[in-house]
Protein chains: 2
Amino acid sequence: MSANSRLTVAAHALTWIGLYQRRGHEVATSEQIATSVNTNPVVIRRLLAELRKAGLADSQRGAGAGWMLVRDLETITLLDVYQAIDPGPIFALHRATPNPECVVGNGIGPAMTAVYDEVEAALRGELAKTTLEDVLRDVLKAA
Amino acid sequence: MSANSRLTVAAHALTWIGLYQRRGHEVATSEQIATSVNTNPVVIRRLLAELRKAGLADSQRGAGAGWMLVRDLETITLLDVYQAIDPGPIFALHRATPNPECVVGNGIGPAMTAVYDEVEAALRGELAKTTLEDVLRDVLKAA
DNA sequence: TGTCGTTGTAACGATTAGTGTTACGACCAG
DNA sequence: CTGGTCGTAACACTAATCGTTACAACGACA
């Protein structure tokens, strides 16, 4: 699939801001975060803008401004981040509507949708088990 | 949409072949299956070729030939189909290696990989719960 | 043996999502 | 004012999927 790194980068950015703030800084710039992620600052700003809409981060403008967390790392799960970046469904149905005059073509959509709903629920359940605090703990343990 | 309809189409094709065979036919052509799926026969042949590699389907060549199931619908789970079409990972890490001199950049990869492994395991567990026989039953119930 | 229906597969273009980059306006602390 | 930072549009590039055309390979059957 189009392997998606958006959740990875979003978690990276939030964790970075959290650690930076714990070390006494008020805000983090997209430039600093981009250096850690090894990408372009605009990519970070675009992603953080989505996280801001979800109430996870906030930004200030002007000189000496930047990004900060709205909620503490302990209260943010990977599911919160996942939903904030609004990923599409994992699986899709047919591009073109299958033949409705065929028994299989007519009934396969609802049948697969039921399964896919269960799969996505399981996926969300797993993501909800991990907070960014957990992620930060793992990160620091690796050092 | 990055969302992938390959699993849907693969399950559709196998279910169609299974039902067709139960109605007394030896083989199903990619043309027939494509009509039900509402796509091009080549798309079906490409997908079924992958399922053949996984031992789920087989084909004959020549006039009056086509596709058949190797295993019964009851013994094929959606996980079997999912693995046969070899989808990439659901989530990807960073495209470019993050800054290894940054604590977060250095440790975030393994931390996220551990979570992603759990998520994929949960996803596979859900797909393993449903067989193509279950799918066919749902399909016929909808009619 | 020839024909014809079917699979096998390469090749190409279209579409889509994500990513990286440049550019420039908006904003604000000092 | 000035300079640093965000906000966002615009565009090119990559990669995966999908649809389509084309043609070779194969084999049942007359």
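Lettering follows sequence order; numbering is per chain, from 1.
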*Asks:* Does B:R61 put a side-chain nitrogen or oxygen below 4.0 Å from OP1 or OP2 of C:dG5?
*Replies:* no

*Asks:* With a 4.0 Å limit, can you tell me whether A:S30 has a side-chain N or O closer than that to the phosphate oxygens OP1/OP2 of D:dC6?
*Replies:*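 Yes, within the criterion.
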
*Asks:* Are the side chain of B:S5 and the backbone of B:T8 linked by a donor-acceptor contact shorter than 3.5 Å?
*Replies:*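 Checked: no pair found.
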
*Asks:* Which listed nucleotide (D:dA28, D:dC6, C:dT9) is nearest to the side chain of B:V42?
*Replies:*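 Looking only at heavy atoms from C-beta outward on B:V42, the closest nucleotide is C:dT9.
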
*Asks:* Ignoring backbone atoms, test whether A:S59 places a side-chain nitrogen or oxygen under 4.0 Å from the OP1 or OP2 oxygen of D:dG7.
*Replies:* yes

*Asks:* Does A:A49 or A:G64 map to a spot on DNA chain D nearer the 5' end, using the closest nucleotide for each?
*Replies:* A:G64

*Asks:* Take the protein atom CD of B:E26 and the nucleotide atom P of C:dT7, then report the distance between them rounded to whole Å.
*Replies:*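 Taking CD of B:E26 and P of C:dT7, I get 15 Å after rounding.
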
*Asks:* Closest approach to the side chain of B:W67, judged atom by atom: which nucleotide of C:dC4, C:dT21, C:dT7 is it?
*Replies:* C:dT7

*Asks:* Under a single-linkage definition using a 4.5 Å side-chain heavy-atom cutoff for Ile, Leu, Val, Met, Phe, Trp and Tyr, are B:F91 and A:L79 assigned to the same hydrophobic cluster?
*Replies:*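 Cluster IDs for B:F91 and A:L79 match.
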
*Asks:* For B:A28 and A:N40, find the nucleotide of DNA chain C closest to each by heavy atoms; which residue's nucleotide sits nearer the 5' end?
*Replies:* B:A28

*Asks:* Give a yes or no on this: more than 12 heavy atoms of other residues, nucleotides or ligands lie within 6.0 Å of atom CD of A:Q83.
*Replies:*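 Enclosed: over 12 neighbouring heavy atoms sit under 6.0 Å from CD of A:Q83.
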
*Asks:* Base, sugar-phosphate, or nothing: which does B:R46 touch, judged by heavy atoms less than 4.0 Å apart?
*Replies:* base

*Asks:* Give the rounded distance in Å between these two atoms: CG of B:N4 and P of C:dA17.
*Replies:*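 After rounding, the reported distance stands at 13 Å.
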
*Asks:* Please determine whether salt bridge (Lys or Arg N to Asp or Glu O under 4.0 Å) holds for the pair A:E50 and A:K53, giving the CA-CA distance in whole Å, both sets of side-chain angles, and the decisive distance to 0.1 Å.
*Replies:* CA-CA 5 Å; A:E50 297 187 57; A:K53 282 182 203 159; over 6 Å; no

*Asks:* Can you tell me if B:T39 touches the phosphate of D:dG19, counting only side-chain N or O atoms and a distance under 4.0 Å to OP1 or OP2?
*Replies:*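 True: B:T39 side-chain N/O within range (under 4.0 Å) of D:dG19 OP1/OP2.
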
*Asks:* Would you indicate which nucleotide in C:dT21, C:dT7, D:dC18 comes nearest to any side-chain atom of B:T29?
*Replies:* C:dT7

*Asks:* Are A:R45 and A:S30 close enough that a side-chain donor and a side-chain acceptor fall under 3.5 Å?
*Replies:* yes

*Asks:* Does a nitrogen or oxygen in the side chain of A:R95 sit under 4.0 Å from OP1 or OP2 of C:dT16?
*Replies:* no

*Asks:* Between A:I44 (CD1) and C:dG18 (P), how many Å, whole number?
*Replies:*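 Going from A:I44 (CD1) to C:dG18 (P), I get 16 Å.
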
*Asks:* Measure from NE2 on A:H94 to P on D:dC18 and round the result to the nearest Å.
*Replies:*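 Checked: the NE2 to P distance equals 11 Å.
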
*Asks:* B:R45 CZ to D:dG19 P: how many Å, rounded?
*Replies:*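 The answer, rounded to whole Å, is 14 Å.
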
*Asks:* Are any side-chain N or O atoms of A:E74 and backbone N or O atoms of A:T131, one a donor and one an acceptor, separated by less than 3.5 Å?
*Replies:*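 Answer holds: no.
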
*Asks:* Rounding to a whole Å, what distance do you find between B:Q60:CD and C:dG8:C1'?
*Replies:*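 In whole Å, C:dG8 C1' and B:Q60 CD are 15 Å from each other.
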
*Asks:* Quickly work out the A:L47 CG to D:dT8 P distance and round it to whole Å.
*Replies:*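 From A:L47 CG to D:dT8 P: 14 Å.
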
*Asks:* To the nearest Å, give me how far apart CD (B:E31) and P (D:dT21) are.
*Replies:*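 The answer, rounded to whole Å, is 12 Å.
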
*Asks:* Would you say a side-chain N or O of A:S5 is under 4.0 Å from OP1 or OP2 of C:dG18?
*Replies:*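 Looking at the OP1 and OP2 atoms of C:dG18, neither is under 4.0 Å from any side-chain N or O of A:S5.
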
*Asks:* With the side chain of A:A63 defined as its heavy atoms from C-beta on, choose the nearest nucleotide among D:dT20, D:dA28, C:dC28.
*Replies:*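 Out of D:dT20, D:dA28, C:dC28, the nucleotide with an atom closest to A:A63's side chain is C:dC28.
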
